[in-house]
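Each ligand, and each atom within it, is numbered from 1 in the order the structure gives. One is the number of the first residue; the rest follow in order along the sequence. Any value given below was found using the heavy atoms of this structure, including those in side chains, with hydrogens, waters and symmetry copies removed. Everything numeric in this text was worked out from a predicted model, so none of it was measured.
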Amino acid sequence: MLNLGILISGRGSNMESILRSIKRKKIPIRPAVVISNKPDAKGLKIAESMGVSIEVVESKGFAGSRAEYDKRVMKVLSEYGVTPKNGLVCLAGFMRIISPEFVKRYKNRIINIHPALLPSFPGLDSQKQALAYGAKYSGCTVHFVDAGMDTGPIIMQAVVRIKEGDTEESLSKRILREEHRIYPEAVNLFARKKITVSGRRTIIS
Ligand code: GAR
C-alpha cells in the first residue's frame with residue numbers, strides 16, 4: 001500500500017476530508033504523516049485526534065534556502081515511508097511554493113487543490129480574483145504539482161456557479177464543499193493507480 005504525507009499550513013479541512021475518506025476504508029492508502037510549516041496550524045490537532053502522526057517543519061525564521069527547507073520536509077516524509085517510490089504527497093492549504101528539487105524528486109507524486117478552475121485565477125485569493133473579474137463560474141482543481149505556480153497537469157475539477165450577491169466568504173464556502181468532495185476522489189484514483197500522465201493531460205482509467 002502507498003504511504004500518504006499531507007502538507008498543511010492552517011485549518012486543514014481538506015486534510016480532514018481525505019483522512020475521513022481513508023478511515024471509512026474508501027481509499028487504499030496509509031496516512032503516514034501530516035506536516036505543517038506552522039506550529040499553530042489548527043489542522044495538526046485534527047490530525048492528532050484522528051490518530052495520524054504529526055510533524056512541524058517551521059518555515060518562519062528558517063535561515064536556509066527554499067531548497068534546503070524542502071530537503072528537511074523530504075527527510076521527514078522519507079522517515080515515515082513517504083518516498084518517491086512508495087508515497088503520495090498531498091498539499092492541502094500548504095501556503096508555500098515547492099522547490100524544483102522537491103518537484104523533481106517526487107515527480108508526479110505531489111498533488112494540490114486549488115480553489116479556482118485553473119488556469120484561471122492561480123496564486124492567492126482565487127475566490128476574490130474570480131469575483132473581481134466578474135466570472136459567472138469558478139470552482140476548484142486538483143492537479144499534479146510541477147515547477148510552475150498552479151500549472152501542473154489537471155486531475156479533477158468541479159464547477160461552482162457564482163451568484164449575484166456572492167461575497168468572498170459565501171463563494172469560498174461553496175467552493176470548499178466541492179474541494180472536500182473531489183480531493184479524496186483524486187487521492188483514491190491515485191492510490192488505485194488509475195491516473196496516467198501524458199504531457200499536460202492526465203488519463204483516468
Ligand atoms: C483551500 O480552499 C485550498 O483550496 C486553498 O487553501 C484552502 C485551505 O483550506 N489553497 C490554495 O489557495 C492554494 N493556492 P483547508 O486548510 O481548510 O484545507
Asks: Below 4.0 Å from any atom of ligand 1, is there a heavy atom belonging to K42?
Replies: no

Asks: The test is side chain to side chain contact (heavy atoms under 4.5 Å, CB included); show your working for L176 and N14 and say whether it passes.
Replies: CA-CA 8 Å; L176 193 63; N14 276 290; 3.9 Å; yes

Asks: Please write down residue, atom name and distance for the protein heavy atom closest to atom 7 (C) of ligand 1.
Replies: R11 NH2, 4.2 Å

Asks: Taking N or O atoms only and a 3.5 Å limit, does E179 qualify as a polar contact for ligand 1?
Replies: yes

Asks: For L176, is at least one N or O under 3.5 Å away from an N or O on ligand 1?
Replies: no

Asks: Which pair of heavy atoms, one from S9 and one from N37, lies closest together, and at what distance?
Replies: OG-OD1, 2.8 Å

Asks: May I ask you to list the atoms of ligand 1 that are less than 4.0 angstrom from any heavy atom of G12?
Replies: 15 (P), 16 (O), 17 (O)

Asks: Taking CZ in R66 as the centre, count heavy atoms belonging to other residues, nucleotides or ligands within less than 6.0 Å. Is the count above 12?
Replies: yes

Asks: Do other residues, nucleotides or ligands put more than 12 heavy atoms under 6.0 Å from the CZ atom of R20?
Replies: no

Asks: Please list the nearest protein heavy atom to atom 14 (N) of ligand 1 with its residue and the distance rounded to 0.1 Å.
Replies: H114 ND1, 3.4 Å

Asks: If you compare all heavy atoms of A116 against all heavy atoms of S138, which two are closest, and at what distance to 0.1 Å?
Replies: CA-OG, 3.8 Å

Asks: Considering G43, S13, P115, which one's heavy-atom position lies nearest to atom 12 (O) of ligand 1?
Replies: P115

Asks: Hey, can you tell me if Y69 and F94 have their rings parallel, tilted or perpendicular (30° and 60° cut-offs)?
Replies: parallel

Asks: Is there a polar contact between ligand 1 and N112, counting only N or O atoms under 3.5 Å apart?
Replies: no

Asks: May I ask you to identify the nearest protein heavy atom to atom 6 (O) of ligand 1, giving residue, atom name and distance to one decimal place in Å?
Replies: M95 CE, 3.7 Å

Asks: Is I113 close enough to touch ligand 1? Criterion: a residue heavy atom under 4.0 Å from a ligand atom.
Replies: yes

Asks: Please write down residue, atom name and distance for the protein heavy atom closest to atom 8 (C) of ligand 1.
Replies: G93 CA, 3.6 Å

Asks: Determine, using the 4.5 Å side-chain heavy-atom cutoff (strictly less than), whether V52 and Y80 are members of one ILVMFWY cluster.
Replies: no

Asks: With a cut-off of 6.0 Å (strictly less than), are more than 12 heavy atoms of other residues, nucleotides or ligands near CZ of R201?
Replies: no

